[in-house]
Amino acid sequence: MATVYYTDDHEWISVDNGVATVGITDYAQEQLGDLVFVELPEVGKSLSKGDAAVVVESVKAASDVYAPVDGDVTAVNEKLNDDPALVNSAAAGDGWLWKMKLADETQLEGLMDEAGYQAMIG
Amino acid sequence: MGDAGELKELPLKHLHESAGARFGGFVGWSMPITYPAGVMKEHLHTREHAGLFDISHMRLFDLEGPDAEKLLARACPLDPAQLGTGQSKLTLLLNDTAGILDDLIVTRLGPARFKVVANAGNAESDEAHLRELAKGHDCAIEPLDRVFLALQGPAAEAVLKDCGLDLSHLYFMQGFEPREGWFASRSGYTGEDGFELAMPVADATEMAEKLLADERVMWIGLAARDSLRLEAGLCLHGQDITADITPVEAALLWTIPKELRDGGTYVGSQALVAARATGASRKRVGLMPEGRQPVRAGTPLVDSSGGPAGQITSGGFGPSAGAPVAMGYVQTDLIKAEAELFAEVRGNRIPVRIHPLPFTPHHYRKG
């Protein structure tokens with residue numbers, strides 16, 4: 001059973017057996033508006049916490065999505081190349097961005113759970 | 001350009017709030033950026049039906065007096081005598097070096113009366129500039145407090161008629177005063193047929209609500225206004241045209257009557273003639289990036305050897321074009337040589353192709 005964590009930057013991280021799936025929250029996609037392009041990282045890329053991992057582009061502007069923890073990219077959501085709007089319609093599901101192998105699971109301890117995140121966005 | 005804390009509020013703010021608008025700052029104004037439908041739907045709705053825009057941040061002026069014509073002929077590369085009553089014209093305010101201080105729509109309302117529409121961000125400096133030029137002229141310059149709405153799209157004429165305002169006699173770039181304190185013109189900033197409608201604040205809530213009650217109408221925010229005008233190839237002052245750019249570079253000579261391109265009494269005429277003689281080293285063009293990734297304003301352009309080629313001044317995704325669209329300035333020699341061009345985005349080189357403007361055809365109702 002995966003555990004889901006949230007960051008201050010409106011990302012979710014679903015962790016299952018040391019592999020994290022990362023996406024942006026529904027709140028974040030709503031703030032960004034209609035997405036038209038998602039620039040995904042290369043599989044194998046080594047990310048450090050805080051690195052700009054993905055760029056999501058709306059009609060109007062480009063925004064970075066940061067790596068919430070350290071780790072290597074193991075997969076990216078190729079469906080987003082043809083259908084970036086999946087992030088709008090299913091931010092917490094089919095609109096995931098990338099998967100990464102966690103380098104240090106203790107980094108998860110500083111993140112929020114769903115209740116904490118909901119309290120933050122009010 | 002006030003700080004975020006001191007943004008000016010639109011008189012119809014209450015209507016935007018109840019429509020669920022998301023607000024953002026734009027040249028000192030708190031403006032609706034998007035509504036719950038989102039920029040994509042708002043954009044497409046405007047092209048298919050009718051979009052309602054609150055453009056009250058823009059400034060209307062009345063110019064009135066025996067010297068009104070003379071003042072305009074001095075301020076703009078424009079021959080006001082050629083402008084019949086009820087006719088509008090896109091013109092420019094130039095500085096001494098023929099840089100573009102602003103773009104204006106001027107409409108003749110009578111023998112000695114004109115309506116001028118200026119961009120929000122330049123309204124104050126335009127007024128000061130006009131007042132300076134008006135010294136010694138018998139012409140009053142009166143800034144107007146109005147709610148200014150634009151209704152754009154193929155259904156605009158029919159919707160207004162159903163709301164009691166029959167403007168079907170107007171052709172593109174014609175305007176008049178349908179009621180006391182009102183001003184209506186068939187014009188806009190989307191490439192679609194449509195109207196711009198200024199009215200006293202006291203009349204505005206009722207009019208806007210009447211329009212919104214029509215199912216063909218929805219509010220459109222500033223984000224879709226930007227994508228619509230970009231697809232239509234229309235310039236945004238401060239971005240695509242500035243005080244450092246001449247009409248020659250901006251490919252806006254068409255706004256200037258032929259006989260005034262060789263000189264005249266307007267401010268900047270000598271510099272314009274000189275700029276035409278030398279030829280522009282850079283020109284504004286439409287640019288279409290390859291692939292799906294938008295290129296944004298400020299993105300540098302390079303040629304195939306990586307040398308500087310120009311810059312993007314407006315860029316985003318065109319919902320009707322179904323692709324990224326942009327405009328910007330490219331070195332004239334590279335345009336002529338049909339050189340390969342690339343936009344440098346975050347370390348990647350995206351091929352871009354010069355594309356004729358507009359990206360989507362204009363649907364103006366011309367006479």
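The sequence lines fix the lettering, A, B, ..., with proteins before strands; numbering per chain opens at 1.
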A.B. asks: Sort B/S227 into side chain, backbone, both or neither according to what part of it lies under 4.5 angstrom from a heavy atom of chain A.
C.D. replies: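 The side chain, not the backbone.
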A.B. asks: Compute the centroid of each ring, for B/H57 and then for B/F148, and state whether the two points are separated by less than 6.0 Å.
C.D. replies: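 No.
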A.B. asks: Determine the option with the most heavy-atom pairs under 4.5 angstrom with chain B, choosing from A/N88, A/N81, A/D34.
C.D. replies: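 Sorted descending by pairs with chain B, the first entry is A/D34.
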A.B. asks: If you measure from the Lys or Arg side-chain nitrogens to the Asp or Glu carboxylate oxygens, is any gap between B/R225 and B/E42 under 4.0 Å?
C.D. replies: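 B/E42 and B/R225: not salt-bridged.
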A.B. asks: Parallel, tilted or perpendicular: which describes the rings of B/W219 and B/Y35, with under 30° parallel and over 60° perpendicular?
C.D. replies: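 Geometry flag for B/Y35 against B/W219: parallel rings.
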A.B. asks: Looking only at heavy atoms, what is the nearest atom pair of B/R47 and B/L228, with distance?
C.D. replies: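 For B/R47 and B/L228, the tightest heavy-atom pair comes out as NH2-O, 3.3 Å.
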A.B. asks: Could you tell me which of A/S58, A/G33, A/A61 has the largest number of non-hydrogen atom pairs under 4.5 Å with chain B?
C.D. replies: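 Top count of heavy-atom pairs under 4.5 Å with chain B: A/A61.
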A.B. asks: What part of B/R292 is in contact with chain A, defined as an atom under 4.5 angstrom from a non-hydrogen atom: side chain, backbone, both or neither?
C.D. replies: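 Looking at B/R292, backbone and side chain both touch chain A.
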A.B. asks: Ignoring hydrogens and geometry beyond distance, is a side-chain donor-acceptor pair present between A/S46 and A/D72 at under 3.5 Å?
C.D. replies: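 Indeed, the side chains of A/S46 and A/D72 share at least one donor-acceptor pair under 3.5 Å.
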A.B. asks: Between A/V38 and chain B, with a heavy-atom cut-off of 4.5 Å, which part of the residue counts as in contact: side chain, backbone, both or neither?
C.D. replies: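 Neither the backbone nor the side chain of A/V38 comes within 4.5 Å of chain B.
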A.B. asks: Start with the C-alpha gap between B/E340 and B/S304, add the side-chain angles, then the distance that decides, and say whether side chain to side chain donor-acceptor pair (under 3.5 Å) holds.
C.D. replies: CA-CA 6 Å; B/E340 283 189 306; B/S304 51; 4.7 Å; no
A.B. asks: Of the backbone (N, CA, C, O) and the side chain (C-beta and beyond), which part of A/Q31 lies under 4.5 Å from a heavy atom of chain B, both, or neither?
C.D. replies: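 For A/Q31, the contact with chain B is made by backbone and side chain together.
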A.B. asks: By a 4.5 Å heavy-atom criterion (distance strictly below it), what part of A/A85 contacts chain B: side chain, backbone, both, or neither?
C.D. replies: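 Contact with chain B is absent: no heavy atom of A/A85 under 4.5 Å.
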